[in-house]
There are 2 protein chains.
Amino acid sequence: MTPQRAAILKVLTESHDHPSVEQVYELVKRTFPMTSLATVYKAVTLLKEEKEILELGFANESSRYDGYKPYPHPHLICVKCQKIIDTEIGLINNLTQELADQYGYQIVNQRVDFYGICPQCQQKKDDVLR
Amino acid sequence: MTPQRAAILKVLTESHDHPSVEQVYELVKRTFPMTSLATVYKAVTLLKEEKEILELGFANESSRYDGYKPYPHPHLICVKCQKIIDTEIGLINNLTQELADQYGYQIVNQRVDFYGICPQCQQKKDDVLR
DNA sequence: ATACATGCAAAACATTTGCATAAGA
DNA sequence: TCTTATGCAAATGTTTTGCATGTAT
């Protein structure tokens, strides 16, 4: 565990805003200016395998990472400001069970994202209309 | 609407196995051997914008497309054979409502994937152990 | 004629890899 | 010393784009 790898992990576990590799790289460079992007990618790949961070991959945009709650859980993604927030909802277990029962799958993982407009961006819309 | 664009749409709407662009390209080439990959990409981009097909994007693998049920719905993805199947489950609306209530989001879209082992692959595992 | 679709090649972008160097146990 | 991490550059794979050509209304 080298200093910059510790710094990478620290950024990931302390960020609640699901940073991309590029964002992690920028933050780590503040304390370790010599750090290269490849090193961040390598560290993230390892952390992902060890399940210390959760990867949220998207089509044609950079993956974002959750080191704060590194287990599968539903996310809310704002389509206006791109903010991603964690959720904790009870019904997800019921849903998993319903699927397992209905289709005979042994569920081992999940990826549940809801896209919407966050309260702040709804407010902004009101401002414009006023 | 040119012949190969019609062929692309036909492949996408008639496939239930969520093909990738590459797979669509291979299928379309059977009837239109001159077709280029770029043309398939361009057609898919258009169809996606018109919401005639649904894109399922992943981290570091090709997007797969659903032209058979081109509206957001939960998918079951087998981690053994990579098969993707459509689901229709009742609880999803409850979940959406719970999130909207709890976090104040106006939900506009969803991406719900459950990863698991399909019944066929569970069977294969049994075969090996027997 | 005019607009749009096509096909090829090149570009763009995120991510991974090879390899020589550097550092830590 | 020996293993592993680093940093740079090059390679990879997917998707997009520019542009000249072709096709259809």
Over how many whole Å does the gap from [X] atom [atom1] to [N] atom [atom2] extend?
{"X": "B:Y25", "N": "D:dT15", "atom1": "OH", "atom2": "C1'", "result": "14 Å"}
{"X": "B:E22", "N": "D:dT16", "atom1": "CD", "atom2": "P", "result": "14 Å"}
{"X": "B:K29", "N": "C:dT6", "atom1": "NZ", "atom2": "P", "result": "16 Å"}
{"X": "A:Y41", "N": "D:dG13", "atom1": "OH", "atom2": "P", "result": "16 Å"}
{"X": "A:L37", "N": "C:dT15", "atom1": "CG", "atom2": "P", "result": "9 Å"}

With side chain to side chain contact (heavy atoms under 4.5 Å, CB included) as the test, would you mind laying out the steps for B:T39 and B:F32 before giving the verdict? CA-CA 12 Å; B:T39 297; B:F32 296 92; over 6 Å; no
With sequence neighbours excluded, tell me which residues meet salt bridge (charged side-chain N to carboxylate O under 4.0 Å, His left out) with B:E49.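 Expected list: none.
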Charged N to carboxylate O below 4.0 Å: is that the case for A:D66 and A:R64?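 Result for this pair is no, no salt bridge flagged.
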Partners of A:H16 by ring-ring contact (aromatic ring centres under 6.0 Å, His included), sequence neighbours excluded?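 Once residues adjacent in sequence are excluded, the partners of A:H16 under the ring-ring contact (aromatic ring centres under 6.0 Å, His included) criterion are A:Y68.
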Show me the pairs that pass side chain to side chain donor-acceptor pair (under 3.5 Å) and involve residues 89-100 of chain B, at least two apart or across chains.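 Output for this query lists B:Q97-B:D101.
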Contact list for DNA chain C against residues 57-66 of chain A - heavy-atom distance below 4.0 Å: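 DNA chain C contact set from residues 57-66 of chain A: A:S62, A:S63.
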Where protein sits on nucleotides 3-10 of chain D, one letter per nucleotide: B base, S sugar-phosphate only, - none, heavy atoms under 4.0 Å: --SSBBB-
Verify same cluster id: A:V112, B:I89 (apolar side-chain graph, 4.5 Å):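 Linked within one cluster.
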Could you provide the dot-bracket string of DNA chain C, using ( ) for intrastrand pairs, [ ] for crossing pairs and | for bases paired to another strand, with Watson-Crick or G-U pairs below 3.5 Å? |||||||||||||||||||||||||
